[in-house]
Amino acid sequence: MREGEAWFRALTACPACAGVGIRGYKKGNFSGDLTQDQIKITDSQYGKTWDLSICGDCGHIFANPCPTPEHLSSLYGRVEDPLYEEESAGRSRNFLRILRRLEKFIPERGALFDVGAATGILLDLARRRGWEPTGIEPSSWAVRAAADRYGIGLIEGTLETATLPEDRYAAVTMVDFIEHTPLPFEAVRKAQAILRPAGILVLVTPDIHSRAARLAGRKWWHLRPAHLSFFSRRSLDALLRRAGFSIVAERRYSWTFSAHYLLSRKPALQARLKNMRPASFLKRIPIRLALGDSFEVYAMKDTGG
Ligand SMILES: [Zn+2]
């Protein structure tokens with residue numbers, strides 16, 4: 001780690017529960033500059049992490065030192081990720097499953113706020129199912145793409161610092177967002193503030209104690225420099241309770257990708273795939289990965305909290 005540089009800082013308390021009994025957990029193998037390529041959603045360079053600390057109170061595992069919020073928002077602001085949209089069919093399947101479950105809690109629909117909305121795929125689906133869609137996204141490129149492709153107007157920025165109406169939304173979705181922010185508590189607390197009483201927060205994030213994570217070890221695909229928080233069931237619960245939520249349902253998240261996308265995650269195959277004609281055919285084959293290595297949690301805003 002490079003001393004004296006202002007774009008990362010050492011943490012003295014747990015970013016989930018604020019406990020101060022933190023200690024070293026694992027030495028990292030990443031110490032370079034974080035680049036825009038490494039924080040893209042479709043980045044395939046996994047197996048790299050910052051030095052990780054663990055909280056003695058809630059068991060949360062997190063990058064420490066950690067890039068500063070300012071540095072990260074400037075990086076995410078400049079991210080462009082055309083490959084993300086190529087996989088819109090698979091992503092739609094993932095998001096559709098989430099919306100259906102959410103609608104069991106809120107059959108009447110209402111205003112839905114998506115955090116880290118990327119190019120607006122989830123919000124476009126939500127709108128077609130009767131939701132009133134809004135969201136926030138730091139990447140200027142993604143905000144433009146959401147407007148051009150789906151006519152969805154996103155707020156450009158970060159949840160933690162945005163000025164938003166309180167007690168307004170029926171639902172807030174955070175799919176693969178919370179592990180990217182250096183301020184997970186502030187983000188969830190903000191979600192609590194903008195939700196109406198008994199509103200639902202949907203949160204999807206990797207489970208560091210999952211079987212897939214243990215089996216893959218250092219090669220677990222969620223180990224990447226862009227991931228700053230690694231939750232367990234216990235630390236997720238600590239985070240949500242502290243922010244004024246109670247978990248009302250939970251599942252294991254399964255992913256759908258195309259055959260082409262999965263093959264292209266193998267760096268050795270990337271060059272060959274580029275010249276292969278069947279690539280477009282592979283893009284049409286959906287594969288559902290039931291790795292079960294992410295949490296999919298539905299949490300209700302505590303009434304009176
Ligand atoms: Zn903690």
Side-chain angles (χ1 to χ4, degrees), residues 1 8-30 34 48-73 115-116 158-161 172 174-193 195 201-214 217-218 220 222-253 292-302 305:
M1 206 56 62
F8 62 86
R9 60 173 185 196
L11 304 180
T12 54
C14 169
C17 79
V20 291
I22 61 174
R23 60 177 194 278
Y25 175 72
K26 235 175 219 168
K27 197 83 193 136
N29 54 0
F30 177 78
L34 201 57
K48 291 189 183 140
T49 55
W50 300 86
D51 289 349
L52 300 177
S53 288
I54 186 165
C55 170
D57 291 334
C58 76
H60 185 49
I61 292 164
F62 53 96
N64 193 13
C66 183
T68 62
E70 297 74 25
H71 183 67
L72 285 163
S73 63
V115 182
T158 53
L159 176 70
E160 300 87 328
T161 53
V172 172
M174 291 184 176
V175 181
D176 299 318
F177 160 78
I178 198 78
E179 63 274 19
H180 291 261
T181 173
L183 302 168
F185 171 73
E186 287 76 1
V188 171
R189 182 76 200 173
K190 187 68 163 273
Q192 201 266 3
L195 277 169
L201 168 68
V202 185
L203 202 153
V204 173
T205 193
D207 171 7
I208 193 160
H209 296 320
S210 62
R211 196 174 137 79
R214 286 200 308 273
R218 278 278 182 202
W220 190 40
H222 288 302
L223 294 178
R224 48 185 75 203
H227 288 183
L228 308 174
S229 271
F230 296 96
F231 285 92
S232 61
R233 181 61 178 72
R234 188 157 71 95
S235 65
L236 199 54
D237 198 48
L239 174 84
L240 289 167
R241 275 168 191 268
R242 184 179 164 221
F245 284 102
S246 303
I247 295 177
V248 289
E250 55 184 294
R251 304 180 52 95
R252 290 276 150 184
Y253 185 71
D293 62 349
S294 284
F295 297 108
E296 181 181 321
V297 162
Y298 298 75
M300 186 176 285
K301 173 171 172 165
D302 294 338

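One-based numbering, in listed order, for ligands and for the atoms of each. Side-chain atoms are counted along with the backbone in the values below, which use heavy atoms only and exclude waters and symmetry mates.
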Pair H227-T49, side-chain donor/acceptor within less than 3.5 Å: no
Residues which pass side-chain hydrogen bond (donor to acceptor under 3.5 Å, both in side chains) with H71, listed by chain and number, not counting sequence neighbours: none
Non-neighbouring partners of E250 that pass side-chain hydrogen bond (donor to acceptor under 3.5 Å, both in side chains), sequence neighbours left out: R233
Nearest-0.5 Å distance that lies between atom CG in L236 and atom CD1 in I208: 13.0 Å
Pairs touching residues 235-245 that satisfy side chain to side chain donor-acceptor pair (under 3.5 Å), sequence neighbours left out: S232-S235, D237-R241
Sphere of radius 2.8 Å around the Zn ion (ligand 1) - protein N, O or S atoms inside: C14 SG, C17 SG, C55 SG, C58 SG
Note, P225 side chain near W50 side chain (heavy atom, < 4.5 Å): yes
